Amino acid sequence: MPIVPPQQRPDVRRDRTDVRQAEAALVEHYPHLVRLAYVVLPPGLGRHRRVLAAHAVVQRALPAVGGGAPTARVPAQSRRSRPTGEATGTDSGTGTGTGTGTGTSTAYGWMRLRVLRTALAYERRPRWWPGRLPAPAALRPTVPVVWGLRLFPRAGGVDELALDRALSRVDGAARAAFALQVLEGLDASAVRDLLARAAVDDPADAVRRAAGLGSPDRDGARAMLGSGEFDPCTVQTRPSDLLRRRQRVRAAAVAAALCVLAGGLAVAVEESTRATGADRSPAGALAPVLDPAELLRTAAEQWADTSRVDFTAWPARGGRTSDTELLGRALRAWAEPPGSVRVSATPGTGTVPPVEPPRLLFAGEVDGAAVVLFHDSADRVVRYAEPLSGTGGAALDFARTDDADVTTGGAVVIGRTGDGARFLLAPWIAESTTRDLLAPDTPGRPLAVGRDGVTAAVPRPALGGACDAWPVLQLRSSERIVEKHAFLVTDLGDLAPVHLTYTPKPGRAAPARQPREATGPEALLAWARTACSLRTLSAAGVRSVNNWAFAEQKLPEGGGPADWLCTRAETWRGPGRALVQFLPAAASPTEPATVVADRGDTALCGRFGQHVLAGTRWKAPSGRWYVLAAGSRAVTRIEAKGAVRGAAEGTAFAVRAPRDAEVELTAAVRGGGTLPAVY
């Protein structure tokens, strides 16, 4: 008689034990895991959706039990070895304590890995996936769901906001590496191992990019990530749009009442549509959003009575704000541009139709064209222009305006003709002048502004050929907002002009200085020698450019003083670019500086890249060549290796070397660590 083996049964008891360990780890460290997920999730989700998604990611990380579904088992505890990064636990989700060797600690490391994988998957969703859905169906949060309320973490200070903005400029892998080092206290090796297991393509690169985000003071970075700005468990609530919600409820009731009638007429409507060619275009589907009567309009004086001084505070101006035909054409062109409309957008700016009625900023006639200017909830400024006569086509231009403020929301290019441009100024601009950056000692000239806020034509900087002038606008804010506040902006070819700032030379034993307006004599002299380098930033969606005088140096053989500047450009979409420039003594105050390094997509010379070392070759009046180097205020020693060797204490260094000598420069930084030179 054959022996029949007993039927195998799944080890449900073991699965339940594993899940209980995972649940215990989740409950114990829930606030910490949710904070980790919140930092890793894409900031593009918005704060409300990111809060809900962070909770959903952690809650969905708990594995299933039985039911015939495949179940990932919590790894058993091993006395001999543990995978790097999995046995690290925390106390109350705040620190960097290591695991105790208990099953709960091992379960925490396993739960953390599942949270990382799911949070990172949000950023790997297909490009074609609808923007309002955070991820494919398998990753969409089912709980929690909040109706009628918007949830926001508590606002942090300036440092926290700057860190949040820096994190938004990198991808999820770099954010995860940063969070694992700061929140979890893992070293670089453990982070690389954990990211590799979370299916990150290049963990080493993620760790390197995370290092560019790190504050020199790790405790300070941990305090910022531990603040309310990044705590999705302690939130504030606000209602959603009450009027719009009420309208939607009424619309739903009306739609329900008409369902029977609509069902009965469906066949007839379809036949009629086919016969008459009824509108099935996106513009037809978006008819309520694109109705000129639904355009948002801000009261004329609201800018003086709001804490949000940006494009949402601009009133509707111009002589054709009541021209519904013009506004309708502009909105329809936005929804579905015909072939005759030229469409342009700054890098990283979407051109999709609005999801809500936009705000009308301007409608009028400028230099032979009818111009309409909108601002929508996606933080975009959109300009529509059509010729008043002739056969030329219309133009539609898009630009991002994320987190615009008093300065970056102070003006918009309303029209360009030939070598000139007209600007529409913000309602809070009380005084406007023009000046030439290449003439730092020449005072500004008054700029005429019409009642509708449109300026007279301003010469545009020549982006090609000789660089013998660089026109800028010097604007002054109304004292109803801030006293004695003047600032510079310049036209680099986008709708939004670029805000120019300056960070002075470091003082002795003084704390790091912050960027300030580039209207003082020292700032104007620095910009006179670096203005022409702005040509490389044209039409790149640049938000602001700061000239940071990070070092000064006495040149050998009595060559006089020299300054080292880092010119950093911030874009509206996030990535930055840095040019390191060397300014030796010159006979002319406008002699161009020498660019010695050019870095794109970098944190260098920004809030999270405050250390810099740069070098160049310089020819003395005697004809001898030197290798020069200079570092920022935290540099304590500079050393050269290679064809020539040498070292110097402090922030400046010079050594004689052949013109083509290969030299490697490094610096020691206060507090420990080394800094390579940028080239």
Side-chain angles (χ1 to χ4, degrees), residues 33-61 112-142 144 146 150-153 156 160-183 191 194-195 198-203 205-207 209-210 212-213 224-225 229-233 235 347-350 352 355 377-380 400-403 541 570-576 601 603 608:
L33 289 170
V34 174
R35 188 188 296 267
L36 177 64
Y38 184 81
V39 174
V40 177
L41 285 167
L45 292 177
R47 302 178 74 190
H48 170 77
R49 289 168 57 208
R50 190 153 55 129
V51 166
L52 296 182
H55 286 273
V57 163
V58 176
Q59 293 177 22
R60 290 167 65 90
R112 179 179 60 194
L113 178 59
R114 290 174 65 89
V115 167
L116 278 177
R117 284 174 175 166
T118 307
L120 288 169
Y122 272 68
E123 201 158 61
R124 294 196 292 266
R125 66 187 187 272
R127 290 179 178 269
W128 46 264
W129 199 261
R132 286 191 172 272
L133 298 181
L139 298 176
R140 289 206 306 268
T142 55
V146 177
R150 308 291 293 176
L151 307 181
F152 305 92
E160 287 80 3
L161 292 174
L163 176 58
D164 187 50
R165 181 172 296 175
L167 289 170
S168 70
R169 296 168 185 162
V170 297
D171 61 10
R175 291 193 298 272
F178 184 72
L180 290 172
Q181 292 183 78
V182 174
L183 290 177
V191 172
L194 192 54
L195 291 180
V200 171
D201 293 335
D202 191 348
D205 179 65
V207 172
R209 287 183 288 114
L213 295 171
M224 284 189 282
L225 276 189
E229 180 74 26
F230 300 97
D231 184 7
C233 290
V235 296
T349 306
V352 297
V355 297
S377 58
D379 274 335
R380 295 177 296 177
R400 290 180 63 162
T401 57
D402 311 51
D403 300 320
E570 301 281 2
T571 62
W572 289 100
R573 65 189 186 279
D601 295 339
F608 300 99

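Start at 1 with the first residue, then count along the sequence. Note that the structure is a prediction, hence the values are computed from the model and not measured.
Side-chain contact between Val51 and Val34 is absent, with no heavy-atom pair separated by less than 4.5 Å.
Ion pairing of Asp379 with Arg400 is absent here, as no side-chain N (NZ or NE/NH1/NH2) approaches a carboxylate O to less than 4.0 Å. Taking 4.0 Å as the cut-off between side-chain N and carboxylate O, Arg573 and Asp402 do not count as a salt-bridged pair. Looking at Arg209 and Asp205, a side-chain N of the basic residue comes within less than 4.0 Å of a carboxylate O on the acidic one, giving a salt bridge. Ion pairing of Glu570 with Arg169 is present here, as a side-chain N (NZ or NE/NH1/NH2) and a carboxylate O approach within less than 4.0 Å.
Pairing each heavy atom of Ala177 with each of Ala210, the nearest pair is CB-CB, 3.7 Å. For His55 against Pro232, the heavy-atom pair with the smallest separation is NE2-O, 2.9 Å. The minimum heavy-atom distance between Leu120 and Ala173, with the atom names listed, is CD2-N, 3.7 Å. In this structure, Arg35 and Leu225 approach most closely via the heavy-atom pair NH1-O, 2.8 Å. Listed here is the closest heavy atom pair of Gly541 and Pro347: N-CD, 3.9 Å. Taking all atoms of both residues into account, the shortest heavy-atom contact from Val200 to Pro203 is O-CD, 3.6 Å.
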Arg380/Thr349 under side-chain contact (heavy atoms from CB on, under 4.5 Å): CA gap, chis, key distance, verdict: CA-CA 8 Å; Arg380 295 177 296 177; Thr349 306; 4.1 Å; yes

side-chain contact (heavy atoms from CB on, under 4.5 Å) for Tyr122 and Val57? Distances and angles first, verdict last. CA-CA 10 Å; Tyr122 272 68; Val57 163; 3.8 Å; yes

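Side-chain atoms of Arg175 come within 3.5 Å of backbone atoms of Val39 as a donor-acceptor pair (strictly under, hydrogens ignored). For the pair Arg50 (side chain) and Tyr38 (backbone), a donor-acceptor distance under 3.5 Å is present.
The CZ atom of Phe230 sits 4.0 Å away from atom CG of Leu163, with the distance rounded to the nearest 0.5 Å.
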